Asker: 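Sharing a structure, written as structure tokens. Questions coming.
As the structure is a prediction and not an experimental result, all values here were calculated from the model.
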Amino acid sequence: MTDQTVPGAPGSEPPPLEEPETPRGPLPPKPDQSAPATRTATGAPVEGAEKSLPRAQQGEWLTTAGGVRLRETDHSLKAGPRGPTLLQDHHLREKITHFDHERIPERVVHARGAGAHGVFVGYGTAESVCAAGFLKKDVETPTFVRFSTVLGSRGSADTVRDTRGFATKFYTEEGVFDLVGNNIPVFFIQDGIKFPDVIHAGKPHPDREIPQAQSAHDTFWDFVSLHSEAQHHTIWNMSDRGIPRSYRTMEGFGVHTFRLVNEAGETALVKFHWKPKLGVHGQVWEEAQITAGMDPDFHRRDLADAIESGAYPEWELGIQVFPDTPDQAFAGIDLLDPTKIVPEELAPVQPIGKMVLNRNPTNFFAETEQVAFHVGHLVPGIDVTDDALMQTRLFSYVDTQLTRLGGPNFEQLPINRTHAPVNDMLRDGFHQHAVHAGVAPYHPNSLDGGNPFPVADGGGDPVSALADLPVVVSEGPKVRAHEAQAPISFDDHHTQVRQFYRSLTPIEQEHVIEAYTFELNKCYEQAIKERQLQHLVEIDPTLGQRVAEGLGLPCPEPQLDLGDPDPSPALAMVGQEWPPDGRMLGIVVTEATPSDDVRALREAVFGAGMVPLLITPTGGMLPDGTPGQRTFATARSVEFDALLLGAGLGEAATHPQVALLVQECFRHAKVIGAWGDGAEAITAAGCDATAPGVLSVSGATELLDGVLGLLTRHRVWERMLP
Ligand code: HEM
């Protein structure tokens, strides 16, 4: 934690009680905020950049968009005080016209998201396989990351069951590199031509436009039960990966196999992985549902608050490396198949750098909404493979952004500007910010002295010339099919799904069973449930049997002979210990709770890198002036990773809202601790005060030690097992 204040205040200074009357300069930005680096529309650094940040609202006087000072903005220009408004009121029309056009189309997928600025530092360990400059040792590269859900619209809730996007823009010195990944390492489809189908199936039904941001409906399960290659991605969604605790506790995956090229022009195939410092953690399903109502902004708030309070989210970037053999396969797994993983036990993830997210955006729209990622943004040393899903993506992103961002010049928006000089021959178009000099935007030319020269013609930087690779493009008849090479994993849609399920711990398997049962029970059509049950019984007979029981249907017999794939322990989320940085601790206190206890506990919680949120019966301050952050009416268990109950609760120990807090935390396997007579609230809520993960001690700070030890495992899973 950077200082001992609870994050989330709206501005850098508290506002005065009265409306301000004296003009002053703009308030400074909040210390946690940053804006896109100041570059010209063509990527050049700007002289005196610190003074010319691309921030609007720079001064004390209100102006028109043209910079003309305005006398007032609260009344339209009228023919007499009671007369009609005049057409000549340009300020009114400018203000309303701009407002009328404030919304731009939301993303066709991944509409709901949150972003942050960061920095990536290379370890230098990738040098033997990759020539990219930003991966070299200690090279620092600014980044911007946008996390997202896939299905929901822009205003939908964060904690729905869905895949999460994890898209990173690296502003490298050699140009922009985008790693546009997800928190799930496989995809629903093997060929991009199916993308509209899977998205149409997952989006709300076209007649009533419900349900929002859900997969628990007939069209989704109709598609995935008919399209068996979707089974692998679907089981990841049904696991706790589909309901992350936080963006900070998600892995990220490039999904496709990429081709890396080193300085000598040698190639290797790789898969990219982001590994979070805090481990991989989920919510439990009931918690996710309550959160969607209580705080639909839960994940974006968590990300922003963590950064503001200095608990900077961190990931290591790693690669699995495979030889670039003609069959593009490894250990019998087709590397051009994005519905398959390569288990980490077969090809370990080797760390090549670290990313820290350390600044919040200054303006959501300008940065998070206008950022445009594209899988074709590659730098020398990194290339795509012929995976048919990737091939379609290469076309799709620019195509959609032309509409979403209104023309071909969106690369010049501040958040998208490269930090490398741009010398393209692209001209004109809507919203052109660059003032192109010269008269010869064509190649070859003599009028502009032949500039700009392609590197190969000009004898320039050999690394930039890596476009020619010693790779043979597949030859063959013109077909709409994928022909499996020697390994036939491409056509096997169930074995890795079984491997995933069997690699989970018993509690995670239980959650998968509950998720399938919930989702399929939300479907109306019996045929769809029966069809999906057949897949489940192939994946694992017990899984099929348990879900069939939950659906009240007979369990079908398996038809496939899948064998027993080795489990991959790396696929489980439960079982290790992780730092509890940035966790939220709810602390129930009253006026009678000793002030020294509260002060010491808050300091200790901040000192441990976590955030204490005081929950008091009503709003206001405690007797020593410490502010409460939540009241009994506004607090709900889902916000907290652990709940502490203070001494001196008195009648509050039996308050129904306190009982609800305790019961939900108990049911969701969260750590519960009490000091002094705070323990009475546990028994008053009807919970077992001797259950695992329920602590009761006499001193407040002593309690924290016990809580910290338990939080490293995220939850007290023992309490959840039947
Ligand atoms: C052929 C398959 C796919 C197509 C056609 C497709 C298309 C799209 C489109 C049109 C967008 C909206 C972009 C925008 O408006 O800026 C998008 C966003 C996104 N896609 Fe895909 N996608 C595909 C597969 C994937 C896969 C396999 C992944 C993960 C590896 C993925 C990850 C993302 C992410 C993270 C975003 C959000 C980017 C952001 O935050 O702005 N997509 N995709």
Asker: Determine yes or no for a side-chain-to-main-chain donor-acceptor pair under 3.5 angstrom, with Arg715 supplying the side chain and Ala669 the backbone.
Answerer: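 Absent.
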
Asker: Over all heavy atoms of both residues, which pair between Asp641 and Leu711 is shortest? Give the atoms and the distance, please.
Answerer: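 Shortest heavy-atom contact: O-CD2, 3.8 Å.
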
Asker: Evaluate the ring planes of Phe220 and Phe188, with Trp represented by its six-membered ring, and classify them as parallel (under 30°), tilted (30 to 60°) or perpendicular (over 60°).
Answerer: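 The rings of Phe220 and Phe188 stand perpendicular, inter-plane angle above 60°.
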
Asker: Using the rule given for salt bridge (Lys or Arg N to Asp or Glu O under 4.0 Å), can you reason through Asp295 versus Arg301, listing the C-alpha separation, both sets of side-chain angles and the distance that settles it, and then say yes or no?
Answerer: CA-CA 9 Å; Asp295 186 2; Arg301 187 190 310 285; 2.8 Å; yes

Asker: Does the Asp240 side chain pair with the main chain of His511, one donor and one acceptor, at a distance under 3.5 Å?
Answerer: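 No: the side chain of Asp240 does not pair with the backbone of His511.
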
Asker: Give a yes or no answer on whether the side chain of Lys203 reaches the backbone of Leu151 with a donor-acceptor pair at less than 3.5 Å.
Answerer: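 Answer holds: yes.
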
Asker: Between Thr291 and Gln283, is any side-chain donor less than 3.5 angstrom from a side-chain acceptor?
Answerer: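 Side-chain D/A pair, Thr291 to Gln283: present.
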
Asker: So Val611 and Leu613, do their side chains get closer than 4.5 Å, heavy atoms only?
Answerer: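 With C-beta onward as the side chain, the pair touches.
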
Asker: Would you kindly say whether His110 and Thr149 are connected by a side-chain donor-acceptor distance under 3.5 Å?
Answerer: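 Thr149 and His110 do not have a side-chain donor-acceptor pair below 3.5 Å.
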
Asker: For Asn182 and Thr163, which I'm curious about, is there any donor-acceptor pair between the side chains at under 3.5 Å?
Answerer: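 No, because no side-chain N or O of Asn182 sits under 3.5 Å from a partner of the opposite role on Thr163.
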
Asker: Does a donor on one side chain and an acceptor on the other come within less than 3.5 Å for Arg583 and His714?
Answerer: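 Checked: Arg583/His714 side chains pair up, N/O donor to acceptor below 3.5 Å.
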
Asker: Roughly how far apart are Ile243 CD1 and Asn237 CG, rounded to 0.5 Å?
Answerer: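 Going from CD1 on Ile243 over to CG on Asn237, the span is 11.0 Å.
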
Asker: Do side-chain atoms of Glu106 reach the backbone of Ser153 as a donor and acceptor pair under 3.5 angstrom?
Answerer: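 No, the answer is negative, given that no donor and acceptor are paired below the 3.5 Å cut-off.
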
Asker: To the nearest 0.5 Å, what is the distance between CD on Gln33 and CZ on Arg359?
Answerer: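 Between atom CD of Gln33 and atom CZ of Arg359 there are 10.0 Å.
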
Asker: For Ile307 versus Ala116, what's the shortest heavy-atom pair and its separation?
Answerer: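 Between these two residues, the closest heavy atoms are CD1-CB, 3.6 Å.
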
Asker: Please say which of Tyr501, Phe187, Phe500 ends up in a ring-ring contact (aromatic ring centres under 6.0 Å, His included) with Trp236.
Answerer: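 The passing option is Phe500.
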
Asker: Kindly confirm or rule out a cation-pi arrangement of Arg161 over Trp285, judged by NZ or CZ under 6.0 Å from the six-membered ring centre and within 45° of its axis?
Answerer: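 The answer is yes, since Arg161 meets both limits relative to Trp285.
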
Asker: Check the side chains of Thr517 and Glu514 for a donor-acceptor pair under 3.5 angstrom, ignoring hydrogens and angles.
Answerer: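 Thr517 and Glu514 do not have a side-chain donor-acceptor pair below 3.5 Å.
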
Asker: Given His233, which of Val255, Val224, Val186 fulfils the side chain to side chain contact (heavy atoms under 4.5 Å, CB included) condition?
Answerer: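 Among the candidates, only Val186 passes.
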
Asker: Would you kindly check if the NZ (Lys) or CZ (Arg) of Arg164 is within the cone defined by 45 degrees around the ring axis of Tyr247 and under 6.0 Å from the six-membered ring centre?
Answerer: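 Verdict for Tyr247: no cation-pi partner in Arg164.
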
Asker: Hydrogens and angles aside, do Ser215 and Glu519 bring a side-chain donor and acceptor to less than 3.5 Å of each other?
Answerer: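 Short answer, yes.
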
Asker: Can Trp221 and His217 be counted as having a side-chain donor-acceptor contact under 3.5 angstrom?
Answerer: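 No - no donor-acceptor pair under 3.5 Å links their side chains.
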
Asker: How many angstroms lie between OG1 in Thr143 and CG in Asp178, if you round to the nearest 0.5 Å?
Answerer: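 The CG atom of Asp178 is 11.5 Å from OG1 of Thr143, to the nearest 0.5 Å.
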
Asker: In this structure, is the centre-to-centre distance between the rings of Phe147 and Trp315 below 6.0 Å?
Answerer: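 Yes.
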
Asker: How long is the span from the CG atom in Asp158 to the CG atom in Asp302, to the nearest 0.5 Å?
Answerer: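 Reported value, rounded in 0.5 Å steps: 9.5 Å.
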
Asker: Could you check if a side-chain atom of Leu645 sits within less than 4.5 angstrom of a side-chain atom of Ile587, using non-hydrogen atoms only?
Answerer: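 Counting from C-beta outward, Leu645 and Ile587 never come under 4.5 Å.
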
Asker: Is the backbone N or O of Pro296 less than 3.5 Å from a side-chain atom of His299, with the two atoms forming a donor-acceptor pair by type?
Answerer: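 No: the side chain of His299 does not pair with the backbone of Pro296.
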
Asker: State whether the side chain of Glu367 and the backbone N or O of Gly115 hold a donor-acceptor pair below 3.5 Å, judged by distance alone.
Answerer: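 Here the side-chain-to-backbone pair does not exist.
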
Asker: Using the rule given for side chain to side chain contact (heavy atoms under 4.5 Å, CB included), can you reason through Glu314 versus Leu357, listing the C-alpha separation, both sets of side-chain angles and the distance that settles it, and then say yes or no?
Answerer: CA-CA 6 Å; Glu314 245 180 74; Leu357 297 183; over 6 Å; no

Asker: Assess, by modelled atom type and distance only, whether the side chains of Ser568 and Glu345 contain a donor and an acceptor separated by less than 3.5 Å.
Answerer: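 Judged by distance alone, the side chains do pair up.
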
Asker: Do Asn360 and Ser34 have a side chain donor and acceptor closer than 3.5 Å?
Answerer: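 No.
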
Asker: Does Thr590 use its side chain to pair, donor to acceptor, with the backbone of Gly648 at less than 3.5 Å?
Answerer: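 Indeed, once roles are kept as given, a pair shorter than 3.5 Å links the two residues.
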
Asker: Taking Met294 as the fixed residue, which of Arg636, Glu287, Gln289, Glu639 is the one that meets the side chain to side chain contact (heavy atoms under 4.5 Å, CB included) rule?
Answerer: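 In the set Arg636, Glu287, Gln289, Glu639, the residue that makes a side chain to side chain contact (heavy atoms under 4.5 Å, CB included) with Met294 is Arg636.
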
Asker: Ignoring hydrogens and geometry beyond distance, is a side-chain donor-acceptor pair present between Glu251 and His273 at under 3.5 Å?
Answerer: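 There is no such pair between these side chains.
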
Asker: Of all heavy-atom pairs between Trp675 and Thr593, which one has the smallest distance, and what is that distance?
Answerer: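 Closest approach of Trp675 to Thr593, heavy atoms only: CZ2-CG2, 3.9 Å.
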
Asker: Looking at Arg630 and Ile615, would you say the former's side chain and the latter's main chain have a donor-acceptor pair under 3.5 Å?
Answerer: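 Answer holds: no.
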
Asker: Where the side chain of Arg300 meets the backbone of Gly113, is there a donor-acceptor pair that is under 3.5 Å apart?
Answerer: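 Present.
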
Asker: Heavy-atom count check: over 12 atoms from other residues, nucleotides or ligands less than 6.0 Å from Glu13 CD?
Answerer: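 Yes, because the 6.0 Å sphere around CD of Glu13 holds more than 12 heavy atoms from other groups.
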
Asker: Is the NZ or CZ atom of Lys271 both under 6.0 Å from the centre of the six-membered ring of Phe253 and within 45° of that ring's axis?
Answerer: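 Not flagged: Lys271 not positioned over aromatic ring of Phe253.
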
Asker: To the nearest 0.5 angstrom, please state how far the CD1 atom of Ile415 sits from the CZ atom of Phe144.
Answerer: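 It is 4.5 Å, given to the nearest 0.5 Å.
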
Asker: Are any non-hydrogen side-chain atoms of Gln214 and Lys522 less than 4.5 angstrom apart?
Answerer: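 The answer is no; the side chains never approach within 4.5 Å.
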
Asker: Main chain of Ser637, side chain of Lys670: is a donor-acceptor contact present, judged purely on distance under 3.5 Å?
Answerer: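 Checking the backbone N and O of Ser637 against the side chain of Lys670, a donor-acceptor pair under 3.5 Å is found.
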
Asker: Does any part of the side chain of Leu710, heavy atoms only, come nearer than 4.5 Å to the side chain of Leu695, both counted from C-beta?
Answerer: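 Yes, close enough: below the 4.5 Å cut-off.
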
